[in-house]
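For reference, the structure discussed in these notes is given below.
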Amino acid sequence: MEWNPETLQFLSQCFLHTLSPQPEPRRAAESSLSEAADRPNYGLAVLRLVAEPSVDEQIRQAAAVNFKNHLRTRWVPSNDLNAGPTFSPILDPEKDQIKTLIVSLMLSSSPRIQSQLSEALAVIGKHDFPKSWPTLLPELISNLQKAAQSSDYASINGILGTANSIFKKFRYQYKTNDLLLDLKYCLDNFAAPLLDIFLKTASLIDSTASSPGGGSPATLQPLFESQRLCCRIFYSLNFQELPEFFEDHMKEWMGEFRKYLTTNYPSLESSGDGLALVDQLRAAVCENISLYMEKNEEEFQGYLNDFASAVWSLLTNVSQSSSRDKLAVTAMKFLTTVSTSVHHTLFASEGVIPQICQSIVIPNVRLRDEDEELFEMNYIEFIRRDMEGSDLDTRRRIACELLKGIATNYKKQVTDIVSIQIQNLLSSFATNPSANWKDKDCAIYLVVSLATKKAGGTLVSTDLVDVQSFFLSVIVPELQSQDVNGFPMLKAGALKFFTTFRGLIQKPVAFQLFPDLVRFLGAESNVVHSYAASCIEKLLLVKDEGGKARYTSADITPCVPVLMNNLFNSLKFPESEENQYIMKCILRVLAVADISSEIAGPCIAGLTSILNEVCKNPRNPIFNHYLFESVAILIRRACERDASLISAFEGSLFPSLQTILANDVTEFLPYAFQLLAQLVELNKPPISPSYMQIFVLLLSPDSWRRSSNVPALVRLLQAFLQKAPNEVNQEGRLNQVLGIFNMLVSSASSDEQGFYILNTVIENLEYGVISPYMGNIWNVLFMRLQNNRTVKFLKSLVIFMSLFLIKHGATNLVDTMNAVQDNIFLVILEQFWIPNLKLITGAIELKLTAVASTRLICESPVLLDPAAARLWGKMLDSIVTLLSRPEQDRVEEEPEMPDIAENVGYTATFVKLYNAGKKEEDPLTDVKDPKQFLVASLAKLSALTPGRYPQIINENLEPANQAALLQLCGIYNCQIV
């Protein structure tokens with residue numbers, strides 16, 4: 001794309017129309033720009049338009065946004081084949097011209113355009129800086145020094161904003177030689193200019209703030225923004241380790257840092273966004289001193305007392321306004337870091353801990369108007385923060401983390417002080433419950449948040465209160481309140497306490513409150529009925545010593561009709577139509593209770609009604625997963641108990657499942673196929689016509705195009721192969737089944753699924769039916785073995801050959817393989833079966849392969865031939881390794897690279913339904929112990945030719961395996977003679 005007046009006119013018109021409120025001209029302009037973006041020098045042309053002063057500011061701003069997005073997709077095009085459309089990359093000559101122009105253009109632009117170009121520059125810098133853009137940093141420094149001389153803070157902040165963006169790569173990345181070399185280059189060039197501009201700006205702030213009236217906000221704002229950016233760059237350049245320059249100049253940096261924490265700037269703080277700007281600088285300072293506290297404690301210790309005092313003082317004066325949350329949180333994090341360090345003695349002075357508790361912790365733990373608003377307006381976010389622990393950056397949580405930090409070294413003092421505070425809060429509540437309910441909420445929150453969880457378990461404990469008496473005196477009155485809608489935040493806190501300490505509440509006490517929990521499912525508050533559902537669900541998971549469930553089906557079955565009715569009704573509340581906590585509770589109840597037909601009927605009706613609704617617009621994947629798991633467990637538990645329910649379930653579910661298939665509801669297809677597999681397995685032959693229609697659909701190659709559907713389709717195909725083997729052998733269906741196997745086994749990403757199909761064919765069809773196809777099956781397997789063998793494929797092949805031998809005999813195995821190529825069986829045996837047998841895992845698979853291998857060496861004429869003595873010995877060596885050594889000693893499996901090309905164009909993933917899983921079937925139920933089977937078979941074989949096999953064993957088995965075999969013979973009282 002050449003830069004000329006026509007190009008300028010074309011691009012100006014297009015960007016003007018992209019701002020149009022009318023959709024037609026806007027879409028046409030977007031289409032024209034999208035087409036033009038593929039042409040060489042498009043990005044350069046747009047950048048030149050941005051630089052054209054004669055063009056309207058709005059058009060240039062739209063062009064700047066387009067330029068930034070153009071660079072994001074085309075500077076270094078994504079290699080991710082699932083990331084959507086691919087774009088032609090910007091060529092090197094155009095890149096060079098863009099890099100030559102962009103810095104000076106950014107600095108001469110208006111603030112809005114400057115911010116877009118700064119982001120665009122950061123996109124280039126992320127990929128090219130510093131190695132492919134060595135001129136960038138010198139150019140930025142030169143411009144920074146020029147701007148500093150004229151105190152041009154628009155340009156200074158543009159340069160610092162750009163530097164901040166490109167230096168962020170030094171945060172959080174693993175320390176590598178390349179990263180440290182890049183960091184050294186940046187430090188060598190930028191550390192001194194950064195300090196210069198930081199100190200210059202500090203001096204300007206001091207002189208402006210000390211002038212009459214404290215200086216105008218308009219003058220101070222860019223200065224404070226400059227200091228904030230300097231602090232963020234400081235954080236990036238110091239993140240990996242303490243650089244020598246910063247250590248040498250620590251006094252200058254720390255002196256200014258402390259000043260910003262201890263000085264007020266009334267003229268700026270009282271104006272518009274001025275306080276927020278000052279707080280952002282203070283928060284950035286707190287992050288920097290926390291970084292030094294964590295990583296450079298020794299060098300920082302001389303400044304620690306002053307900073308601890310400054311931060312403490314700052315926190316006692318920070319208001320509860322949500323606009324000051326960031327500052328409060330970062331300041332408390334700093335004190336928390338100090339409290340767990342070797343300098344914790346700062347908290348040891350008399351009166352310090354009570355003062356922190358009284359002036360910092362309690363005010364920040366108390367509910368604020370913002371918390372109440374979130375509780376009412378966005379219950380999902382409230383729960384995410386309150387119950388699921390994503391509130392690490394909230395005042396409430398970090399205040400409790402500060403207390404926990406102090407308690408690391410001063411547990412008794414913290415416990416005593418907080419216990420007194422809790423009693424004071426409860427006393428305040430008792431004097432006027434209606435007015436002071438937030439005091440009780442604060443007390444409950446402190447107990448719950450300061451509880452400690454035992455490592456690796458769910459049991460929670462606390463030293464602050466006696467849990468049993470606190471529960472009875474403080475929590476139970478809330479739970480037994482007849483008004484489920486009164487003081488909902490207090491009710492939510494009580495339910496959360498019950499859930500947290502459920503393991504410590506004695507069963508008779510907890511069980512007596514079960515009807516109250518069921519009642520709270522009818523509360524109008526989304527948080528309250530969600531917490532009630534979560535409490536019931538978690539109670540049903542409580543285990544006593546020995547792993548025995550505390551609450552059994554006998555406990556809950558009597559109240560299940562009312563419980564399930566309330567659960568389904570709570571899904572009708574506004575905003576709770578797809579409430580995952582309620583659906584998870586439904587799932588848990590169905591897993592524990594006795595499912596009679598009286599319960600099953602309303603439940604399947606309720607679940608299918610919900611399923612029909614969510615099919616229209618699947619939005620919440622967690623809710624949807626619990627929904628399908630609930631259907632699966634209901635099918636499994638109800639129909640296994642009462643087979644007469646199968647047809648009723650089919651009648652309810654089939655229309656929903658057919659809707660999913662007919663409307664191609666992508667998210668639900670894997671679930672639908674798994675449920676259908678479950679229903680097919682419950683049916684007795686012959687399979688009904690409605691299922692056979694699905695079988696026909698299943699055999700269509702189109703059904704297998706999406707990789708996310710494959711595991712579920714395989715599961716369904718296995719069910720048909722098991723339940724309708726006769727139908728499989730009609731109308732060419734077996735040929736289609738084997739075509740699917742061929743397709744799946746040819747790819748490393750799906751070969752395991754192909755083997756599942758093949759193994760099910762071998763297990764369920766007569767040898768006479770499959771024998772005409774065996775030559776083709778071996779050809780497919782040998783081709784894959786030749787072209788792309790992986791550990792996973794070789795293990796699957798050994799399992800398949802073992803299963804074939806068990807089902808159809810060693811002779812048929814050897815003969816069908818050798819029919820493809822003379823003596824191929826012995827080649828496969830030596831090169832693949834023997835070396836990979838030791839890699840087999842899984843109890844059923846281990847038994848199958850060990851017994852099959854034993855039968856091979858004890859029954860197959862090919863291996864009983866004296867000429868095959870060495871192979872016989874090596875096979876036995878592998879069998880003994882498999883049976884005598886722990887899995888971790890014999891399996892050294894390499895992680896396999898995914899075959900990325902297999903997943904092009906589809907990003908949905910398969911999610912397995914635990915409750916619709918295929919039952920593992922043991923093809924060798926008559927063999928209980930493969931070790932005993934081995935030595936008994938060897939004893940029987942050796943008795944036919946005494947003296948022959950001990951010599952072969954001695955020559956071919958490793959000494960450790962000879963000893964292991966001798967030990968097995970002793971255990972099972974068998975002799976190899």
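Sequential numbering from 1 along the given sequence is applied to the chain's residues. Note that the structure is predicted; figures quoted are calculated from it, not measured.
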Worksheet entry | Pair Asp483, Ser481: side-chain N/O donor-acceptor within cut-off below 3.5 Å | no
Worksheet item: Between the side chains of Asn409 and Ser339, does any donor sit under 3.5 Å from an acceptor?
Response: no
Worksheet item: For Gln413, does its backbone N or O pair with a side-chain atom of Asp416 as donor and acceptor, under 3.5 Å?
Response: no
Worksheet item: Going through the distances and angles, do Glu578 and Arg619 end up as a salt bridge (charged side-chain N to carboxylate O under 4.0 Å, His left out)?
Response: CA-CA 9 Å; Glu578 295 183 25; Arg619 290 176 304 186; 3.1 Å; yes
Fill in: Interatomic distance, Ser428 atom OG to Asn436 atom CG [nearest 0.5 angstrom]
4.0 Å
Discussion item. Nearest 0.5 Å, please: how far is OG in Ser630 from CG in Leu607?
Written reply: 5.5 Å
Worksheet entry | Atom CD of Glu524 with >12 non-hydrogen neighbours under 6.0 angstrom | no
Fill in: Results of salt bridge (Lys or Arg N to Asp or Glu O under 4.0 Å) for Lys584 - residues two or more places apart only
none
Worksheet, complete the sentence: From the list Phe471, Phe514, Tyr531, ring-ring contact (aromatic ring centres under 6.0 Å, His included) partner of Phe498 resolves to Phe471
Discussion item. If the condition is salt bridge (Lys or Arg N to Asp or Glu O under 4.0 Å), which residues does Arg636 pass it with, not counting sequence neighbours?
Written reply: none
Worksheet item: With distance as the sole test, does Ser609 use its side chain to make a donor-acceptor pair with the main-chain N or O of Ala605 at under 3.5 Å?
Response: no
Worksheet item: Which value, rounded to the nearest 0.5 Å, describes the distance between Arg502 atom CZ and Arg550 atom CZ?
Response: 10.0 Å
Worksheet item: So do the side chains of Thr394 and Val329 get within less than 4.5 Å of each other, counting heavy atoms only?
Response: no
Discussion item. So does Phe382 get a backbone contact from the side chain of Asp386, meaning a donor-acceptor N/O pair under 3.5 Å?
Written reply: no
Practice prompt. Tell me, please, which residues at least two apart from Glu845 pass salt bridge (Lys or Arg N to Asp or Glu O under 4.0 Å).
Written response: none
Worksheet item: Just by distance, do the side chain of Asn526 and the backbone of Pro574 share a donor-acceptor pair under 3.5 Å?
Response: yes
Worksheet item: Looking at residues at least two apart in the chain, or sitting in another chain, which of them share a salt bridge (Lys or Arg N to Asp or Glu O under 4.0 Å) with Lys438?
Response: Glu372
Fill in: Interatomic distance, Ile595 atom CD1 to Cys639 atom SG [nearest 0.5 angstrom]
11.0 Å
Item to complete: Would you mind telling me which of Asn566, Leu567, Asn565 makes a side-chain contact (heavy atoms from CB on, under 4.5 Å) with Leu563?
Response: Leu567
Worksheet item: What are the two closest heavy atoms between Ala719 and Glu681, and how far apart are they?
Response: CB-CG, 3.8 Å
Item to complete: Please test Leu403 against Val418 for side chain to side chain contact (heavy atoms under 4.5 Å, CB included), starting from the C-alpha separation and ending with a verdict.
Response: CA-CA 9 Å; Leu403 269 187; Val418 177; 3.7 Å; yes
Worksheet item: Does the gap between the ring centers of Phe573 and His529 come in under 6.0 Å?
Response: yes
Discussion item. If the condition is side-chain contact (heavy atoms from CB on, under 4.5 Å), which residues does Ser553 pass it with, not counting sequence neighbours?
Written reply: Thr557, Asp594
Worksheet item: Just wondering, more than 12 heavy atoms not from Lys507 lying within 6.0 Å of its NZ?
Response: yes
Discussion item. Please check: side-chain N/O of Thr337 versus main-chain N/O of Lys333, any donor-acceptor pairing under 3.5 Å?
Written reply: yes
Worksheet item: Does Val665 offer a backbone N or O that forms a donor-acceptor pair with the side chain of Glu667 under 3.5 Å?
Response: no
Discussion item. Evaluate Arg368 against Asp325 for salt bridge (charged side-chain N to carboxylate O under 4.0 Å, His left out), listing each step before the verdict.
Written reply: CA-CA 12 Å; Arg368 298 178 298 165; Asp325 283 358; 2.8 Å; yes
Worksheet item: What's the shortest heavy-atom distance between Ile556 and Val592, and which atoms?
Response: CD1-CG1, 3.9 Å
Discussion item. Take a 6.0 Å sphere around CD of Gln512 and say whether it holds more than 12 heavy atoms from other residues, nucleotides or ligands.
Written reply: no
Worksheet item: Is the Tyr379-Phe375 ring centre distance short of 6.0 angstrom?
Response: no
Fill in: Between Gln421 and Gln358, a side-chain donor and acceptor under 3.5 Å
yes
Practice prompt. State the CZ-CH2 distance between Phe347 and Trp312, to the nearest 0.5 angstrom.
Written response: 7.5 Å
Worksheet item: Leu913 pairs by side-chain contact (heavy atoms from CB on, under 4.5 Å) with which of His625, Arg715, Gln678?
Response: His625
Item to complete: Could you tell me whether Glu575 atom CD has more than 12 heavy atoms of other residues or ligands within 6.0 Å of it?
Response: no
Worksheet item: Any side-chain heavy atom of Ile362 within less than 4.5 Å of one from Leu446?
Response: yes
Worksheet entry | Shortest non-hydrogen contact from Thr336 toward Ile398 | OG1-O, 4.4 Å
Worksheet item: Judged by atom type as modelled, is there a donor-acceptor pair below 3.5 Å linking the side chain of Ser652 to the main-chain atoms of Phe649?
Response: no
Worksheet item: Rounded to the nearest 0.5 Å, what separation is found between the OG1 atom of Thr345 and the OH atom of Tyr410?
Response: 5.5 Å
Worksheet item: With a 3.5 Å cut-off and no angle check, do the side chains of Tyr626 and Asn579 form a donor-acceptor pair?
Response: no
Fill in: Minimum heavy-atom distance Phe520-Glu478, with the two atoms named
CZ-O, 3.6 Å
Practice prompt. Identify the two heavy atoms, one from Ala533 and one from Leu521, that lie closest to each other, and give their separation to 0.1 Å.
Written response: N-CD2, 3.7 Å
Worksheet item: Do the two ring centres, one from Phe628 and one from Phe668, sit under 6.0 Å apart?
Response: yes
Item to complete: For Lys404, look at atom NZ and say whether over 12 heavy atoms of other residues, nucleotides or ligands are found less than 6.0 Å away.
Response: yes
Worksheet item: Is there a donor-acceptor pair under 3.5 Å between the side chain of Asp371 and the backbone N or O of Leu367?
Response: no
Discussion item. Using side chain to side chain contact (heavy atoms under 4.5 Å, CB included), reason through Ile356 and Ile353 one step at a time and then give a plain yes or no.
Written reply: CA-CA 5 Å; Ile356 286 177; Ile353 295 174; 5.6 Å; no
Fill in: Option from Arg395, Arg396, Arg397 for which side-chain hydrogen bond (donor to acceptor under 3.5 Å, both in side chains) with Asn364 holds
Arg395
Worksheet entry | Polar side-chain atom of Glu629 near backbone of Asn624 as donor-acceptor pair, under 3.5 Å | no
Worksheet item: Under 3.5 Å, side chain of Arg366 to main-chain N/O of Val361, donor-acceptor pair present?
Response: no
Worksheet, complete the sentence: When every non-hydrogen atom of Val527 is compared with those of Ala492, the smallest separation belongs to CG1-CB, 3.9 Å
Worksheet entry | Test item: side-chain donor near acceptor, Asn683 and Glu650, under 3.5 Å | yes
Worksheet entry | Polar side chain donor-acceptor pair, Thr415 to Asp463, under 3.5 angstrom | no
Fill in: Glu640 and Arg637 ion-paired at < 4.0 Å
no
Discussion item. Tell me every residue that passes side-chain contact (heavy atoms from CB on, under 4.5 Å) with Ile599, counting only those two or more places apart in sequence or in another chain.
Written reply: Val560, Ser596, Cys603
Worksheet item: Are Asp642 and Ser597 linked by a side-chain donor-acceptor pair shorter than 3.5 Å?
Response: no
